[in-house]
Amino acid sequence: MSSFADLGLDPKVLSAIAAAGYEKPTPIQAGAIPPALAGRDVLGIAQTGTGKTAGFVLPMITLLGRGRARARMPRSLVLAPTRELAAQVAENFDIYARNTRLTKALLIGGVSFKEQDALIDKGVDVLIATPGRLLDHFERGKLLLTGVQIMVVDEADRMLDMGFIPDIERIFQLTPFTRQTLFFSATMAPEIERITNTFLSAPEKIEVARAATTGENITQGVVLYTASRKDRQAKEKRALLRSLIDREGASCTNAIIFCNRKTEVDIVAKSLCKHGYNAAPIHGDLDQSQRMRTLDSFREGKLQFLCASDVAARGLDVPSVSHVFNYDVPSHAEDYVHRIGRTGRAGRKGKALMICVPHDQKWLADIEKLIGNEIPRLESPLTGAPQSEKGPKSVRTDEARMPPRKREEKRDSAPRTDPPQEKRSRAPRREAPVVGMGDHVPAFLLRSFRTAAGETAE
Ligand code: AMP
């Protein structure tokens, strides 16, 4: 099947897709849309970046085209694990349903119940929700799920990770057993398999290839790096990150920088801001409105660097990210696949660069085992040489051994960037980095920049 027109979608949906610039369906769309339109249950094994959201939203809009919304009884329900993902589905719905009169409500935490109640009272065709918030509304007696004809579970594997499976089971039980179910998961863990066996009826199973970690559209690389001194590792690693970013030059239009811990996400974002980069953090400890604001400005291109934790970033739809930087090697190999899947989406080119300290080399080995390929070792922009698996004693190598005077001369002869006057915007990086490690940073670059949080990081 090579065209949307062949799939049986409503002409109003087809014109919205054309306006969105989609030319042909992705494999998950080509596989899921026809059985969904035929009223069958669908089990889609696919992750973000494959176009799965349109895979369930487009048939849903077509199927709901006939019929009308009824007060407090939504006709369809989409469950997503996080607020951001739910909000993203809602945005997709708005794009694809622009030529219809279908209505939606988004039920997520951080938004007042009153506003959401008013919408539900009026009647909505599509309810998009996180499981907890949906059950809160139900328990307050404001919502009936007996009118649900189509139920979608998105990112079920993430629901499992977040402990939502009992909520999902409960919600399934509150909806009519005659409903149609469209169920999506990146993986089929035994617990997910059990749920699908219990609540799906003879589903059409569509499995699309895992994120193309070795695909031609994503260039990968890892810098093996050993700190000059253990107590300097954090600071040096941040300098290395900046140098990696700088080395990418103008090709790095926007990037997600992944860290393993929320505290690190904050520190890295603050540090980047301090050094004049346009960066902000996103993780689960930040309040909802702040997360949404950060995400919006990243999507709109006002923010260039999004520092993120895995949970916050999972499934976020941020089109055309030029780079992913893995500041830390993820401890779960699967997360590497998810992380780098943020770039090189929908056939675009992308680059995924990672920093690996000796402690993390076991995780690097796990990742390479999972993806079945060795990630190319890159020269460190700071030393100009790739480090061995064991790593040298110091990243400063020759320069570190020079007497202080000589070091100064060397630094003076290096190309310089202008002192940053304000936070860097999307403007391309100008030159190769001059910033070295720690106390070698020229004073004018150490000028402190106030971050959004009003603090400095180093
Ligand atoms: P998803 O996997 O649903 O998060 O979608 C990933 C990205 O692909 C989103 O930015 C969509 O707008 C985009 N997309 C979805 N379907 C298509 C298509 N058929 N052609 C081009 N882009 C698409």
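Indexing begins at 1, ligand by ligand and atom by atom, following the structure's order. Atom set for the values below is all heavy atoms of this structure, side chains included, hydrogens, waters and symmetry mates excluded. For the single chain, residues carry numbers from 1 onward in sequence order.
There is a side-chain donor-acceptor pair under 3.5 Å between Asp117 and His137.
With sequence neighbours excluded, the residues that form a ring-ring contact (aromatic ring centres under 6.0 Å, His included) with Phe172 are Phe199. Checked against side-chain contact (heavy atoms from CB on, under 4.5 Å), Ala156 has the following partners two or more places apart in sequence or in another chain: Val153, Phe183, Ser185, Ile192.
Residue contacts with ligand 1: Glu23 is placed with no nitrogen or oxygen under 3.5 Å of a nitrogen or oxygen of the ligand (distance criterion only). Checking only distances, Asn92 never comes within under 3.5 Å of ligand 1, N or O to N or O. Distances between N or O atoms of Gly51 and those of ligand 1 include at least one value under 3.5 Å.
Close approach of ligand 1 to Phe4 is summarised as follows: ligand atoms under 4.0 Å from at least one heavy atom of the residue are 19 (N). Using a 4.0 Å cut-off to heavy atoms of Lys24, the atoms of ligand 1 that qualify are 18 (C), 19 (N), 20 (N). When each atom of ligand 1 is checked for a heavy atom of Thr53 under 4.0 Å away, the hits are 1 (P), 3 (O), 4 (O).
With a heavy-atom cut-off of 4.0 Å, Gln29 touches ligand 1 through its side chain alone.
A cation-pi contact, defined as under 6.0 Å to the ring centre and within 45° of the axis, links Arg140 to Phe113.
Between the CZ atom in Arg68 and the CG atom in Leu102 there is a gap of 12.0 Å [rounded to 0.5 Å].
Aromatic rings from Phe325 and Phe258 are positioned such that their centres are separated by 6.0 Å or more.
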